[in-house]
Amino acid sequence: PPSLHAEELSMTDFVLGTVCTVRLMEGGSKATLDEAFSRLRTIEDRMSANRDDSDISQVNVMAGKKPVKVSEDTFYVISKALEYARLTNGAFDPSVGPLVKLWNIGSGDEKVPPTEKIMAAKALVDWRQIVLDTTTRTVFLKKPGMALDLGAIAKGYAADEIEKILLNHKVKSAVIDLGGNVFVFGSKKDKSSWRIGIQNPESERGEYLGIVSAGQMTVVTSGVYERYFIENGKRYHHIMSTQTGFPVDNDLISVSIVSKSSIDADALSTALFVLGIEKGMEFLKQFPDTYAIFIDKDHNVYLSPGAGKVFTLQDKSYRYAEKCYC
């Protein structure tokens with residue numbers, strides 16, 4: 001059951017496939033927290049690929065057969081996901097479902113699938129085959145076997161939705177943590193900057209590699225350490241390349257995004273991880289006031305232009321890369 005902590009009001013529960021905590025530092029009440037978690041559960045009920053009665057599962061079951069009417073929430077998130085698919089030329093692709101299901105990373109009994117199965121699943125991934133109809137609010141996957149998976153964007157949407165609830169309840173200051181999607185809301189009583197730690201991707205103990213320090217913001221990280229398995233000494237993580245059908249293999253170990261909008265930060269952390277440093281930095285130019293921190297397996301840290309204003313490296317085993325994009 002959800003646990004409440006009284007000194008500052010906070011609630012923690014397992015929802016959206018992860019441990020979620022909302023901490024009210026100033027303003028708000030238990031009713032605020034109840035509404036926030038009820039909203040999270042609604043989003044999970046609608047967008048989970050693992051619940052048979054969710055919008056997403058209904059759309060997937062009807063792939064190749066007929067369009068399915070979905071909630072406004074789901075329609076909006078799929079529209080945003082398609083926007084990113086268009087902008088990244090498919091590096092970000094919400095129709096990645098068949099690959100996600102096949103690899104099943106995080107299930108506990110993963111192994112590298114046979115090549116022919118990977119190729120068959122990869123052939124079903126194509127965002128251009130997703131048809132949205134705004135007049136009827138329906139979603140149609142053109143090919144049988146296609147499947148949506150909103151795992152790379154739904155938590156960001158959820159954080160933004162909690163932000164709306166906090167505004168409605170006139171909360172002055174709060175921290176939303178949806179399993180690594182962190183959103184700091186309002187301003188602290190003592191007016192100091194918020195400080196959000198960026199996890200050292202290679203430390204089991206959640207140690208910080210550096211700190212992002214700023215006003216209201218969201219920080220979202222995608223990395224190889226979140227969900228993975230090891231086979232024959234090779235690590236296979238959960239961020240899929242739609243080009244190869246295998247996990248992305250480009251020397252990156254994590255990408256963190258600092259932004260005002262969590263849905264954008266969530267999508268961008270995955271998109272930039274897939275695109276890699278060069279293309280990722282280029283792509284980010286379209287997003288003003290959004291920063292990226294890339295970390296590669298040789299412990300180099302690459303900052304996008306302006307990121308140095310908010311990020312401070314603390315772990316001595318990492319260093320700023322010689323090549324600067326600032």
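On a predicted model such as this, the values are computed, not experimentally measured, just so you know.
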Neighbour count above 12 (heavy atom, 6.0 Å) for [X] [atom1]:
X: E322; atom1: CD; value: no
X: Q243; atom1: CD; value: no
X: K117; atom1: NZ; value: no

Consider only side-chain heavy atoms of I, L, V, M, F, W and Y, link residues closer than 4.5 Å, and tell whether [X] and [Y] are in one cluster.
X: V274; Y: Y302; result: yes
X: F75; Y: I153; result: yes
X: M240; Y: F246; result: yes
X: L178; Y: M25; result: yes
X: V224; Y: V248; result: yes

Which pair of non-hydrogen atoms, one from [X] and one from [Y], has the smallest distance, and what is that distance?
X: R319; Y: L313; answer: CA-CD2, 3.9 Å
X: A121; Y: L102; answer: CB-CD2, 4.0 Å
X: V310; Y: A214; answer: CG1-CB, 4.1 Å
X: S256; Y: T221; answer: OG-OG1, 2.7 Å
X: L40; Y: C20; answer: CD1-CB, 4.2 Å
X: L272; Y: I257; answer: CD2-CD1, 3.8 Å

Using a 4.5 Å cut-off on heavy atoms from C-beta on, say whether the side chain of [Y] contacts that of [X].
X: L166; Y: L24; result: yes
X: F185; Y: I162; result: no
X: V182; Y: I176; result: no
X: Q216; Y: V184; result: no
X: V19; Y: T12; result: yes

Decide whether Y320 and N300 meet the rule of one side-chain donor and one side-chain acceptor closer than 3.5 Å.
no
Going by atom types alone, do S259 and S261 pair a side-chain donor with an acceptor below 3.5 Å?
no
Would you mind telling me which of N60, V68, D133, I78 makes a side chain to side chain contact (heavy atoms under 4.5 Å, CB included) with V139?
I78
Return the [atom1] to [atom2] distance between [X] and [Y], rounded to the nearest 0.5 Å.
X: H238; Y: I105; atom1: NE2; atom2: CD1; answer: 8.5 Å
X: L99; Y: N104; atom1: CG; atom2: CG; answer: 12.5 Å
X: L150; Y: L148; atom1: CG; atom2: CG; answer: 6.0 Å
X: M119; Y: L124; atom1: CE; atom2: CG; answer: 12.5 Å
X: T18; Y: N181; atom1: OG1; atom2: CG; answer: 8.5 Å
X: Y318; Y: I198; atom1: OH; atom2: CD1; answer: 12.0 Å

Please name all residues satisfying side-chain hydrogen bond (donor to acceptor under 3.5 Å, both in side chains) with [X], sequence neighbours left out, ordered by chain then number.
X: S38; value: none
X: E35; value: H169
X: S241; value: T244
X: E44; value: R51

Do the side chain of [X] and the main chain of [Y] share a donor and acceptor less than 3.5 angstrom apart?
X: W103; Y: P98; result: no
X: S57; Y: D53; result: no
X: T242; Y: G90; result: yes
X: S269; Y: D266; result: yes
X: D315; Y: S317; result: yes
X: T218; Y: S262; result: no

Salt bridge (Lys or Arg N to Asp or Glu O under 4.0 Å) contacts in which one or both residues fall within [range], not counting sequence neighbours:
range: residues 236-261; result: K234-D249, D251-K297
range: residues 188-202; result: none
range: residues 137-157; result: E72-R137
range: residues 156-183; result: R39-E161, E161-K164

Partners meeting side-chain contact (heavy atoms from CB on, under 4.5 Å) with Y76 (sequence neighbours left out)
K80, Y157, I263
Side chain to side chain contact (heavy atoms under 4.5 Å, CB included) assessment of I196 paired with I211
CA-CA 6 Å; I196 299 178; I211 300 284; over 6 Å; no
Pairwise ring pair (Phe, Tyr, Trp, His ring centres under 6.0 Å) hits with a residue in residues 201-235, at least two apart:
F229-Y236
Would you say the ring centroid of F92 lies under 6.0 angstrom from that of W127?
no
Is the centre of the H237 ring less than 6.0 Å from the centre of the F273 ring?
yes
Quick note, side-chain hydrogen bond (donor to acceptor under 3.5 Å, both in side chains) partners involving residues 272-288, not counting sequence neighbours, are E278-K323, E278-Y325, E282-K285
Could you give all pairs that pass the side-chain hydrogen bond (donor to acceptor under 3.5 Å, both in side chains) test and reach residues 90-100, with sequence neighbours left out?
D93-S95
Would you please test D264 and T290 for side chain to side chain contact (heavy atoms under 4.5 Å, CB included) and show each step?
CA-CA 9 Å; D264 291 324; T290 300; over 6 Å; no
Go through the steps for M217 and V212 under the test side chain to side chain contact (heavy atoms under 4.5 Å, CB included), then give the verdict.
CA-CA 10 Å; M217 61 175 158; V212 177; 3.7 Å; yes
Check D45 with R41, please: is the shortest side-chain N to carboxylate O separation under 4.0 Å?
no
Step by step, would you call S54 with R46 a side chain to side chain contact (heavy atoms under 4.5 Å, CB included)?
CA-CA 5 Å; S54 71; R46 292 174 176 171; 5.8 Å; no
